[in-house]
**Q** 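Supplied in C-alpha cells, the structure appears directly below.
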Amino acid sequence: MPPTPYQKALQLLATRAHFRRELEAKLAQRGYPVAEIAAALERLTEQKYLDDRATARVFVETRLERTSEGRARLRAELLKRGAPEGAVEAALAELTPDDDLPAAREAAESWRRKGGVDPRALARHLERKGFSRRAIVAVLNGELDDLGIDDGS
C-alpha cells in the first residue's frame with residue numbers, strides 16, 4: 001500500500017526541513033489529491049513539524065556558517081525554495097546585519113586565498129554572492145589600495 005500524503009510528507013521532512021510550498025509541490029508531483037495534501041500539511045503545521053519561519057531561520061544560519069553571502073542572495077534562495085515573504089524578512093532581519101561589508105570582506109579574502117587577483121572578477125564574484133553595491137565598492141576600493149592602484153579619485 002502506498003504511503004498517504006501525510007506519511008510521504010513526514011518522510012520528506014525526515015531528510016531535511018521543507019517549506020510548506022515545497023512539500024505541497026512535491027506531494028502534488030506524486031499525484032496526491034489536493035484536498036489530502038492540504039489536510040496533511042495542516043496536520044503537520046499543527047504538530048509543529050512544518051514551520052516556514054523556523055525553516056527560513058535555520059536555512060540562513062546554515063548558509064552563514066558555511067559561507068559569506070549577502071542578503072540579496074539569501075533572499076533569492078529562500079524565495080526560490082518557496083519560503084513566504086514574511087518568513088524571509090523575519091529570518092534576514094534577525095540573522096543578517098544591515099551592513100554586509102564585513103561579510104563581503106570575508107568573501108573577498110577567501111576569493112583571494114584561492115588565487116583571485118582581478119578586481120573586476122572579484123566584483124562579479126561578490127555580486128553573485130548577493131552583496132550590496134555599497135559593500136562591493138568599499139571592498140574594491142580596499143583592493144585597489146592594497147594593490148597600489150589609483151582608482152582615479
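Given the structure is predicted, the values throughout are model-derived calculations rather than measurements.
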**Q** Which pair of heavy atoms, one from A108 and one from V139, lies closest together, and at what distance?
**A**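 Smallest interatomic distance, heavy atoms only, reads CB-CG1, 3.6 Å.
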**Q** Would you kindly confirm whether W111 and L101 end up in one hydrophobic cluster when ILVMFWY residues are joined by side chain heavy atoms under 4.5 Å apart?
**A** yes
**Q** Under 3.5 Å, is there a donor-acceptor pair between the side chain of E77 and the main chain of L74?
**A**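 No, the answer is negative, given that no donor and acceptor are paired below the 3.5 Å cut-off.
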**Q** Applying side-chain hydrogen bond (donor to acceptor under 3.5 Å, both in side chains), name anything that partners E85, two or more places apart in sequence or on another chain.
**A**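 side-chain hydrogen bond (donor to acceptor under 3.5 Å, both in side chains) list for E85, sorted by chain: R75.
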**Q** Who passes salt bridge (Lys or Arg N to Asp or Glu O under 4.0 Å) against E42, sequence neighbours left out?
**A**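 Partners of E42 by the salt bridge (Lys or Arg N to Asp or Glu O under 4.0 Å) criterion, ordered by chain and then number, come out as R20.
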**Q** V58, Y49: one ILVMFWY side-chain cluster at the under-4.5 Å cut-off?
**A**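 No.
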**Q** Do L126 and V137 share a hydrophobic cluster, counting only Ile, Leu, Val, Met, Phe, Trp and Tyr and linking them when any side-chain heavy atoms are less than 4.5 Å apart?
**A** no
**Q** Salt bridge (Lys or Arg N to Asp or Glu O under 4.0 Å) with R134: which residues, sequence neighbours excluded?
**A** D99
**Q** Check side-chain hydrogen bond (donor to acceptor under 3.5 Å, both in side chains) between E65 and all other residues, then give those that pass, not counting sequence neighbours.
**A** none
**Q** Taking distance alone, no hydrogens or angles, what donor-acceptor pairs closer than 3.5 Å link side-chain atoms of residues 23-34 to residues at least two apart or in another chain?
**A**
from	atom 1	to	atom 2	distance (Å)
K26	NZ	H18	NE2	2.8
R30	NH1	K26	O	3.1
Y32	OH	P3	O	2.8

**Q** Hey, could you give me the CD/NZ distance between E109 and K114, rounded to the nearest 0.5 Å?
**A** 11.5 Å
**Q** If we ignore hydrogens and angles and just use 3.5 Å, is the side chain of R21 paired with the main-chain N or O of R81 as donor and acceptor?
**A**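 No, the answer is negative, given that no donor and acceptor are paired below the 3.5 Å cut-off.
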**Q** Provide the closest heavy-atom pair for S68 versus A103 in the form atom of the first, atom of the second, distance.
**A** CB-O, 3.4 Å
**Q** Of the non-hydrogen atoms in G70 and D100, which two are nearest, and what is the gap between them?
**A** CA-OD2, 4.5 Å
**Q** Restricting to side-chain contact (heavy atoms from CB on, under 4.5 Å), what partner residues turn up for A123, sequence neighbours left out?
**A** I136, L140
**Q** Only counting residues at least two apart or in another chain, list the ones meeting side-chain contact (heavy atoms from CB on, under 4.5 Å) with A90.
**A** R53
**Q** Say whether Y6 and L12 are linked into one hydrophobic cluster, either directly or through other cluster members, by side-chain heavy-atom distances under 4.5 angstrom.
**A**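 Looking at the clustering, L12 is in the same group as Y6.
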**Q** Which residues pass the side-chain hydrogen bond (donor to acceptor under 3.5 Å, both in side chains) test with E69, sequence neighbours left out?
**A** R63
**Q** R16: what forms a side-chain hydrogen bond (donor to acceptor under 3.5 Å, both in side chains) with it, not counting sequence neighbours?
**A** E22
**Q** With a 4.5 Å limit on heavy-atom distance, are the side chains of L44 and L10 in contact?
**A** yes
**Q** F131 and L64: same hydrophobic cluster, using ILVMFWY side-chain contacts below 4.5 Å?
**A**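 Unlinked, F131 and L64 end up in two clusters.
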**Q** With sequence neighbours left out, write down each residue that passes side-chain contact (heavy atoms from CB on, under 4.5 Å) with A83, or none if nothing qualifies.
**A** F19, L78, V88
**Q** Could you pull out all residues at least two apart from R43 that satisfy salt bridge (Lys or Arg N to Asp or Glu O under 4.0 Å)?
**A** none
**Q** For E94, check side-chain contact (heavy atoms from CB on, under 4.5 Å) against everything at least two apart and list the hits.
**A** R57
**Q** About how many Å separate CZ of R105 and OG of S110, when rounded to the nearest 0.5 Å?
**A**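 So the OG of S110 and the CZ of R105 are separated by 16.0 Å.
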